[in-house]
Amino acid sequence: MLTTQNETILTLDLDWVRSQFPSLAQTVNGYPATFLDGPGGTQVPQRVINAISDYLKRDNANTGGAYATSRHTDAMIAGARSAMADFLGCDADEVVFGPNMTSLTFAISRSIGRDLRSGDEIVLTHLDHDANTSPWRALEERGVTIRMAEIHEHDCTLDMDDLARKITGRTKLVAVGYASNAVGTINDVAQIVRLAHQRGAMAYIDAVHYAPHGPIDVRALDCDFLACSTYKFFGPHMGVLYGKREHLKRLDPYKVRANTNAIPNRWEWGTLNHECIAGIAACVDYLADLGRHVNSSASTRRAAVLAAYDAIQKHERGLMETLIKGLLAIPGLKLYGISDPKRFDRRCPTIAVRVKGHTPLELATQLGEHGFFTWDGNYYALNLTERLDVEKDGGFLRIGLAHYNTAEEVDRLLATLREIVG
Ligand SMILES: Cc1ncc(COP(=O)(O)O)c(C=O)c1O
């Protein structure tokens, strides 16, 4: 931590960060492995790996039994729930664990659908991942009308006027992403929640893509639901749902008879992935530790997580500026999304490009041979690739930065890409 007279500057200790993630030390064809695939799933720190294997070694049991390992499991799950509550800014009984964001969203959409009828409307957006589209579209079978909010194609931002017009007295729910997993746009979700509430609709936020890049405060947003996936922010492959207590109590879940009616467990069916839940607690603790590393005065776990995100955002911003500037200088390259550095607070460091004469798959394959892990295609952001008419041409090449990436990696990526495209 560096301190000037008037302010505390939170800087990431990148050596410490990278030393936490064992997978970063790998090589591919003699090249250092460079993980630019965070939007598809991030790497995990050693402590997450340890928490998962320690749980399986010591405490592997089902819940609710009158013996030691089962009690340890109950306590471990309660601990992970309060860790996620600190991460999201809510209470532990508002945190629901599930296999992934998609399954949790289907669970909630089915329950909300029980109260909907013909003429009711749901507003979705063209920027969203299909996991925040198809579960709501499924309610068309109940006569619900889906309205799609438009985007501004030139910078892949939401058309907020169109969105506001489409939210009417008939709207029951607005489902929107916090950030786009394809082009990185960060939506003004606080404003969207306000618009929904003004019309008496609920707001469902997909924070899967935003979670590794920025702090989440569900109380400040006042959203009704917010879903994320821990494997996108340095944890194991699982999903987490925040629901306002009143909704988790009022809505009627589909569940087995023996399942409790108490929240949040009435939304968790069957036996959960306990070892991964142990990993979730460790992943929040990693972020808190990172926060304390940059700001030793962070007094609570939540304060430490917020300090971590402060440092993460500053670090990612620097890398993103270099990367976008370098990409824009490559002849024949088209970047989708916000490219003006003055507006970079409205985007994540997730960058979608196409290069004339090369398919995204060709580029991803060649980069992969040089140790760069990028993605090609639509990554389920199908609404957007169809809307921009790139679906038939292989979608985009997606380069996703995470806080463990370095300036040297960005420079090498740019040099390699320049070489590939000639
Ligand atoms: C923005 C966004 N929403 C939702 C999902 C689906 O998440 P899950 O795999 O946890 O179902 C993803 C996965 O890539 C995503 O990027």
Side-chain angles (χ1 to χ4, degrees), residues 18 21 23-44 129 156 179-185 208-210 212-213 229 231-234 315-339 344 347-382 384-385 388 390-391 393-422:
R18 289 184 65 87
F21 291 84
S23 60
L24 300 184
Q26 292 175 75
T27 56
V28 177
N29 300 334
Y31 297 102
T34 302
F35 291 85
L36 302 170
D37 61 339
T42 49
Q43 300 307 298
V44 294
H129 188 282
C156 297
S180 159
N181 70 314
V183 289
T185 313
V208 172
H209 189 67
Y210 184 73
H213 304 295
S229 311
Y231 72 94
K232 308 279 192 183
F233 56 93
F234 326 113
H315 175 67
E316 290 185 351
R317 171 82 182 238
L319 296 184
M320 175 164 65
E321 283 180 13
T322 313
L323 178 57
I324 291 186
K325 191 167 171 221
L327 288 171
L328 291 175
I330 294 178
L333 182 142
K334 176 166 179 181
L335 186 141
Y336 293 80
I338 295 172
S339 60
F344 278 1
R347 67 140 46 249
C348 294
T350 300
I351 293 136
V353 298
R354 289 183 56 82
V355 184
K356 219 174 171 174
H358 302 266
T359 67
L361 176 59
E362 273 163 34
L363 294 174
T365 307
Q366 290 200 50
L367 284 169
E369 280 158 16
H370 289 80
F372 296 100
F373 303 164
T374 59
W375 217 282
D376 69 283
N378 63 38
Y379 1 98
Y380 287 22
L382 197 55
L384 185 66
T385 52
L388 296 177
V390 294
E391 183 59 26
D393 301 319
F396 311 109
L397 173 77
R398 179 178 67 184
I399 305 162
L401 296 168
H403 74 289
Y404 46 62
N405 289 123
T406 68
E408 186 268 336
E409 287 178 328
V410 169
D411 289 343
R412 269 195 305 107
L413 171 78
L414 286 168
T416 308
L417 199 53
R418 277 194 295 264
E419 232 173 77
I420 292 172
V421 304

To check you understand the geometry: which heavy-atom pair defines the closest contact between [X] and [Y], and what is its length?
| X | Y | result |
| --- | --- | --- |
| Val208 | Ser229 | CG2-OG, 3.4 Å |
| Gly377 | Pro360 | N-CB, 4.5 Å |
| Pro39 | His209 | CB-CE1, 3.7 Å |
| Leu388 | Cys156 | CD1-SG, 3.9 Å |
| Val353 | Leu335 | CG1-CA, 4.1 Å |
| Thr374 | Arg398 | CB-O, 3.4 Å |

So, taking the atom named [atom1] in [X] and the one named [atom2] in [Y], what distance separates them when rounded to the nearest 0.5 Å?
| X | Y | atom1 | atom2 | answer |
| --- | --- | --- | --- | --- |
| Glu409 | Leu319 | CD | CG | 8.5 Å |
| Ile338 | Met320 | CD1 | CE | 9.0 Å |
| Leu327 | Thr322 | CG | OG1 | 10.5 Å |
| Phe396 | Leu384 | CZ | CG | 4.5 Å |
| His403 | Arg18 | NE2 | CZ | 10.0 Å |
| Gln366 | Leu417 | CD | CG | 9.5 Å |

With heavy-atom distances below 4.5 Å as the criterion, would you say the side chains of [X] and [Y] are in contact?
| X | Y | answer |
| --- | --- | --- |
| Leu367 | Thr416 | yes |
| Leu363 | Asp376 | no |
| Thr34 | Leu413 | no |
| Leu323 | Pro349 | no |
| Leu401 | Glu316 | no |
| Thr350 | His213 | yes |

Please check this pair: side chain of [X] against backbone of [Y], looking for a donor-acceptor N/O pair closer than 3.5 Å.
| X | Y | value |
| --- | --- | --- |
| Arg354 | Asp393 | yes |
| Thr42 | Gly38 | no |
| Thr385 | Gly395 | no |
| Asn405 | Phe35 | yes |

* **Derivation and outcome, side-chain contact (heavy atoms from CB on, under 4.5 Å), residues Arg347 and Ile324** => CA-CA 12 Å; Arg347 67 140 46 249; Ile324 291 186; 3.8 Å; yes
* To do: Hey, can you tell me if Phe21 and Phe234 have their rings parallel, tilted or perpendicular (30° and 60° cut-offs)?
  => perpendicular
* Please step through side-chain hydrogen bond (donor to acceptor under 3.5 Å, both in side chains) for the pair Glu391 and Asn378, ending with a clear verdict. => CA-CA 7 Å; Glu391 183 59 26; Asn378 63 38; 3.1 Å; yes
* Asked: Salt-bridged, Glu321 to Arg317, with N to O below 4.0 Å?
  ->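 Here Glu321 pairs with Arg317 in a salt bridge, since their nearest N and O are under 4.0 Å apart.
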* Asked: Heavy-atom count around Phe373 CZ within 6.0 Å, excluding the residue itself: above 12?
  ->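 For Phe373, atom CZ is crowded (more than 12 foreign heavy atoms under 6.0 Å).
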